[in-house]
Amino acid sequence: MHAIIAMGASLNLKVIAEGVEREAQARFLRENGCEVTQGFLFSHPLSGAELTEMLGGRRLASA
């Protein structure tokens with residue numbers, strides 16, 4: 001995993017780790033330079049309404 005993160009950094013890419021389920025995984029990724037993670041550790045899948053509620057009613061800007 002460290003090699004993938006390092007390769008992404010060397011190409012000026014942001015590496016996103018998916019499927020993070022344990023704190024130890026998140027800690028390893030942070031310590032090795034992975035800036036973005038997602039997975040069940042942070043939240044289960046949400047509907048649009050649930051996400052809006054979780055964000056306190058804020059709307060995200062369109063891309």
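Here the structure is a predicted model, which means the values were calculated and not measured. Because only heavy atoms are used, hydrogens play no part in the values below, and waters and symmetry mates are left out as well, while side chains stay in.
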Least distance between heavy atoms, M54 atom then S43 atom: SD-OG, 4.5 Å

Same apolar cluster (I L V M F W Y, side chains within < 4.5 Å links), I4/L11: yes

Considering all heavy atoms, the nearest P45-E50 contact: O-OE1, 4.3 Å

Verdict with supporting geometry, L29 and V20, side chain to side chain contact (heavy atoms under 4.5 Å, CB included): CA-CA 9 Å; L29 292 162; V20 178; 3.6 Å; yes

Expected output: side-chain E31 to main-chain F28 donor-acceptor under 3.5 Å: no

E35 atom CD: more than 12 heavy-atom contacts under 6.0 Å: no

Whether E53 side chain and A49 backbone form a donor-acceptor pair below 3.5 Å: no

Side-chain heavy atoms of K14 within contact of V36, under 4.5 Å: yes

Shared hydrophobic cluster for I16 and L46 (ILVMFWY, side-chain gaps under 4.5 Å): no

Contacts of type side-chain hydrogen bond (donor to acceptor under 3.5 Å, both in side chains), residue R30, not counting sequence neighbours: E23

From H2 atom NE2 to N32 atom CG, the distance as rounded to the nearest 0.5 Å: 5.5 Å

Closest contact, heavy atoms only, I5 versus G33: CG2-C, 3.8 Å

